[in-house]
Engineer: 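Handing you this structure, nothing more for now.
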Amino acid sequence: MSTTTSSRTRAKQSRPGYRCTECGWTTPKWVGRCGECQEWGTVTDEGPASAGPRTVATSPGRAPARPIAEIDVAAAQAAPTQVPELDRVLGGGLVPGAVVLLAGEPGVGKSTLLLDVAASYARGADGRDARTVLYVTGEESAGQVRLRAERVGALAPTLLLAAETDLGTVLGHVEANEPDLLVVDSVQTIASAEVDGAPGGVSQVREVAASLIAVAKSRQVPVLLVGHVTKDGTVAGPRTLEHLVDVVCQFEGDRHSRLRMVRAVKNRYGPTDEVGCFELSERGIIGLSDPSGLFLSHLGAGVPGTCVTVTLEGRRPLALELQSLVAPSPLANPRRTTSGVESSRLAMILAVLHRHAGLRLADQDVYVSTIGGARVTEPAADLATALAIVSARTGEPLPTGTVAVGEVGLAGDIRPVTGLDRRVGEAARLGFVRAVVPAGTSVKAPAGMQLLEARHLAEAVELAGVGVRSADRRGDSPLTS
């Protein structure tokens, strides 16, 4: 009886397993489609499961448990990277032993940003306190990285460069040079000879990440990792990679725009609602402490169909301009085209304008776009979008220096938005003198600015000075002609 039981146990332990190469999902039998990420053809044979020995208790040795109040925090203070926009996102800088994962689409500028960070960190503050930085590239040759560093001005005497794809060699470079910062570009190109599978696979990424994290914690060296993303924007490799690292940052940007943004998706040492803004140019990547100018057109003052609003990117207010064009349509179904604005949001605003503001658009093509490649995702830009459409339809521009902030409800009401005081303050700083805002928010007007409070969309249109004329409105319009 015991022999039969032991043989069944051995058979169960030697049963082959299958794992998804995209997300790490496991299954005892092969399937064509992953049950977790729903990808086809990614489930591969992992080999027989090993029954390792049970872990036994060991003595803590030189690291016994201590009262939390007696833990020294001096060694855990963040050191600035000398790139202020990145420091804003990280919460002040790089913490010793922290592992930061920077993910983004191909060509967005991840390598350029980290090369600039590596050079700035190596130079130190004002050229003092130079530190050793090891930059490991697995995607380019050392000569290619050297040429880009010369072009963007990222040459530093203590910046060391190594082109390696073997994990053991990378760890050897760390042992030999003892850097103050390690940059690996990218984690999907490094492979370990001790683990089966191609570079970038689930097993390889897990082993490489675990080894680099162990080095970071044992040597108290911050590590910056570049991560690839899949077609849906998630970090490639096992999901455990995002759980293992301390900070996960997303590097975003449109290929046709100069603006790049870094957002902290996960941050154990700081806030996750900060955004760093950069401008990608031929000279490299430059931090933007005041990026509002990228989204405003100075020629748009006094032009029908334009309205400025202030959005919040994390805790940072950004002023951007919305433009609209309304033209007679020769089609039975008029066009509704957007760029930087959600099409579903535009459809809702047009319906509210028709029903509650009496604006006739059934036979008109409507185009709405943002300036500078910005993307509007929050409802606080609804009011500015509506006013830009009304201005384009009536041909009457908004008064110069007018900004609009507010969410438009389906009942035609103007709803309050978060951070209105910061939005209005940013508009006043940029020189705007009139702001159409939701009523009842009890926000104090900054010096030199007039707040026009509106409870209904029709009231907001009148306050903005772009009232709907009798030729443009429906017969049951609540507005006067």
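No hydrogens, no waters, no symmetry mates; every other heavy atom, side chains included, goes into these values.
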Engineer: Roughly how far, to the nearest 0.5 Å, is the CG atom of Leu241 from the CZ atom of Arg206?
Structural biologist: 10.0 Å

Engineer: If you compare all heavy atoms of His243 against all heavy atoms of Lys266, which two are closest, and at what distance to 0.1 Å?
Structural biologist: O-NZ, 3.0 Å

Engineer: Just so I know, are the side chains of Val403 and Val437 near enough to count as touching, which here means a heavy-atom distance under 4.5 Å?
Structural biologist: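 Contact flag for Val403/Val437 side chains = no.
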
Engineer: Quick one: pull up OG1 in Thr311 and CG in Leu320 and give me the separation to the nearest 0.5 Å.
Structural biologist: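 Interatomic distance, Thr311 OG1 to Leu320 CG, rounded to 0.5 Å: 4.5 Å.
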
Engineer: Would you say Thr338's side chain and Glu342's backbone share a donor-acceptor pair under 3.5 angstrom?
Structural biologist: no

Engineer: Any Lys/Arg nitrogen of Glu313 or Arg263 sitting under 4.0 Å from an Asp/Glu carboxylate oxygen of the other?
Structural biologist: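 Yes.
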
Engineer: Does a side-chain heavy-atom distance below 4.5 Å link Val405 with Val436?
Structural biologist: no

Engineer: Report yes if some heavy atom in the side chain of Val262 is under 4.5 Å from a heavy atom in the side chain of Phe278; otherwise report no.
Structural biologist: yes

Engineer: Which heavy atom in Ala79 sits nearest to a heavy atom in Tyr121, and how many Å separate them?
Structural biologist: CB-OH, 4.0 Å

Engineer: Has the side chain of Thr158 got a donor or acceptor atom that lies under 3.5 Å from a matching backbone atom of Thr132?
Structural biologist: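 Flag not set: sc Thr158 to bb Thr132 has no pair under 3.5 Å.
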
Engineer: Can you check whether Arg434 reaches Met449 side chain to side chain, under 4.5 Å on heavy atoms?
Structural biologist: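 No; the side chains remain at least 4.5 Å from each other.
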
Engineer: Please tell me if the side chains of Asp246 and Lys217 come closer than 4.5 Å, counting only heavy atoms from C-beta onward.
Structural biologist: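 Yes; the side chains approach each other to less than 4.5 Å.
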
Engineer: May I ask you to decide whether Arg316 forms a salt bridge with Glu274, counting only side-chain N to carboxylate O separations under 4.0 Å?
Structural biologist: no

Engineer: Are any of the side-chain nitrogens in Glu407 or Arg345 under 4.0 Å away from the carboxylate oxygens of its partner?
Structural biologist: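 So Glu407 pairs with Arg345 through a salt bridge.
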
Engineer: Check whether any side-chain heavy atom of Leu322 lies under 4.5 Å from a side-chain heavy atom of Val376, and answer yes or no.
Structural biologist: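 A side-chain contact under 4.5 Å exists here.
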
Engineer: Hey, is CZ on Arg375 packed in by over 12 heavy atoms from elsewhere, all under 6.0 Å?
Structural biologist: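 Not more than 12 within 6.0 Å, no.
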
Engineer: For the pair Gln204 (side chain) and Ser192 (backbone), establish whether a donor and an acceptor sit closer than 3.5 Å, ignoring hydrogens and angles.
Structural biologist: yes

Engineer: Assess whether atom CG of Asp166 is packed by more than 12 heavy atoms of other residues, nucleotides or ligands within 6.0 Å.
Structural biologist: yes

Engineer: Between Ser218 (side chain only) and Ala214 (backbone N and O only), is there a donor and an acceptor less than 3.5 Å apart?
Structural biologist: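 Judged by distance alone, yes, a pair lies under 3.5 Å.
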
Engineer: If every non-hydrogen atom of Ile414 is compared with every non-hydrogen atom of Leu383, which pair is closest and at what distance?
Structural biologist: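 Looking at all heavy atoms of both residues, the shortest contact is CD1-CD1, 3.9 Å.
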
Engineer: Compare every heavy atom of Pro222 with every heavy atom of Leu181, then report the nearest pair and how far apart it is.
Structural biologist: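 Looks like CD1-O, 3.3 Å.
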
Engineer: Could you walk me through whether Val183 and Val136 pass the side-chain contact (heavy atoms from CB on, under 4.5 Å) test, one step at a time?
Structural biologist: CA-CA 6 Å; Val183 182; Val136 178; over 6 Å; no

Engineer: Take Met348 and Asp382 through the test side-chain contact (heavy atoms from CB on, under 4.5 Å) and record every step on the way to the result.
Structural biologist: CA-CA 10 Å; Met348 186 206 72; Asp382 289 351; 4.2 Å; yes

Engineer: Could you tell me if Arg19 and Thr26 have a donor-acceptor pair between their side chains, going purely by distance under 3.5 Å?
Structural biologist: no

Engineer: Using side-chain contact (heavy atoms from CB on, under 4.5 Å) as the criterion, point out the one residue from Val245, Val223, Leu224, Val265 that pairs with Leu101.
Structural biologist: Val245

Engineer: Taking only distance into account, with no hydrogens and no angle test, what donor-acceptor pairs under 3.5 Å do side-chain atoms of residues 103-118 form with protein atoms, sequence neighbours excluded?
Structural biologist:
| residue | atom | partner | partner atom | Å |
| --- | --- | --- | --- | --- |
| Lys110 | NZ | Gly104 | O | 3.2 |
| Lys110 | NZ | Glu105 | O | 3.1 |
| Ser111 | OG | Asp185 | OD2 | 2.6 |

Engineer: If you round to the nearest 0.5 Å, how far is CG of Leu318 from SG of Cys277?
Structural biologist: 5.5 Å

Engineer: Please determine, by modelled atom types, if Glu139 and His228 share a side-chain donor-acceptor pair under 3.5 angstrom.
Structural biologist: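 Yes.
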
Engineer: Looking only at the side chains, is there a donor atom on one of Arg123 and Gln82 sitting less than 3.5 Å from an acceptor on the other?
Structural biologist: no

Engineer: When rounded to the nearest 0.5 angstrom, what is the spacing between OG in Ser186 and CG in Leu102?
Structural biologist: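 Reported to 0.5 Å precision, the distance equals 11.0 Å.
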
Engineer: Do Arg315 and Pro271 come close enough that some side-chain heavy atom pair is under 4.5 Å?
Structural biologist: yes

Engineer: Once rounded to the nearest 0.5 Å, what's the spacing between atom CG of Leu312 and atom CG of Asp273?
Structural biologist: 10.0 Å

Engineer: Between Leu171 and Val215, is the side-chain contact (heavy atoms from CB on, under 4.5 Å) condition met? List the steps.
Structural biologist: CA-CA 8 Å; Leu171 298 180; Val215 169; 3.5 Å; yes

Engineer: Rounded to the nearest 0.5 Å, what separates atom CG in Leu86 from atom CZ in Phe251?
Structural biologist: 9.5 Å

Engineer: With side chains defined as the heavy atoms from C-beta onward, is the minimum distance between Leu387 and Thr385 less than 4.5 Å?
Structural biologist: no

Engineer: Output, in order, the C-alpha distance, side-chain angles, deciding distance and verdict of side-chain contact (heavy atoms from CB on, under 4.5 Å) for Val99 and Leu225.
Structural biologist: CA-CA 7 Å; Val99 180; Leu225 304 178; 3.8 Å; yes

Engineer: Tell me yes or no: between the side chains of Thr81 and Asp87, is some donor less than 3.5 Å from an acceptor?
Structural biologist: yes

Engineer: Which heavy atom in Pro446 sits nearest to a heavy atom in Val424, and how many Å separate them?
Structural biologist: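 Looks like CD-CG1, 3.4 Å.
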
Engineer: Is there a donor-acceptor contact under 3.5 Å linking the side chains of Gln323 and Glu321?
Structural biologist: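 Result is yes, a qualifying pair exists.
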
Engineer: Out of Leu159, Val174, Val133, which one pairs with Pro179 under the side-chain contact (heavy atoms from CB on, under 4.5 Å) rule?
Structural biologist: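 The single option meeting the side-chain contact (heavy atoms from CB on, under 4.5 Å) with Pro179 is Val174.
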
Engineer: Would Glu85 and Arg260 pass as an ion pair if we require N to O under 4.0 Å?
Structural biologist: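 Looking at Glu85 and Arg260, the cut-off is not met.
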
Engineer: Please answer whether the main-chain N or O of Asp45 pairs with a side-chain N or O of Trp30 as donor and acceptor at a distance below 3.5 Å.
Structural biologist: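 A pair under 3.5 Å: no.
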
Engineer: Run the salt bridge (Lys or Arg N to Asp or Glu O under 4.0 Å) test on Glu175 and Arg219 for me, step by step, so that the C-alpha distance in whole Å, both residues' side-chain angles and the decisive distance to 0.1 Å come before the verdict.
Structural biologist: CA-CA 10 Å; Glu175 292 281 349; Arg219 292 178 169 270; 2.6 Å; yes

Engineer: With salt bridge (Lys or Arg N to Asp or Glu O under 4.0 Å) as the test, would you mind laying out the steps for Arg423 and Glu426 before giving the verdict?
Structural biologist: CA-CA 5 Å; Arg423 300 175 195 263; Glu426 176 69 9; over 6 Å; no

Engineer: What's the shortest heavy-atom distance between Thr400 and Val433, and which atoms?
Structural biologist: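 The pair with the smallest heavy-atom distance is O-CG2, 4.2 Å.
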
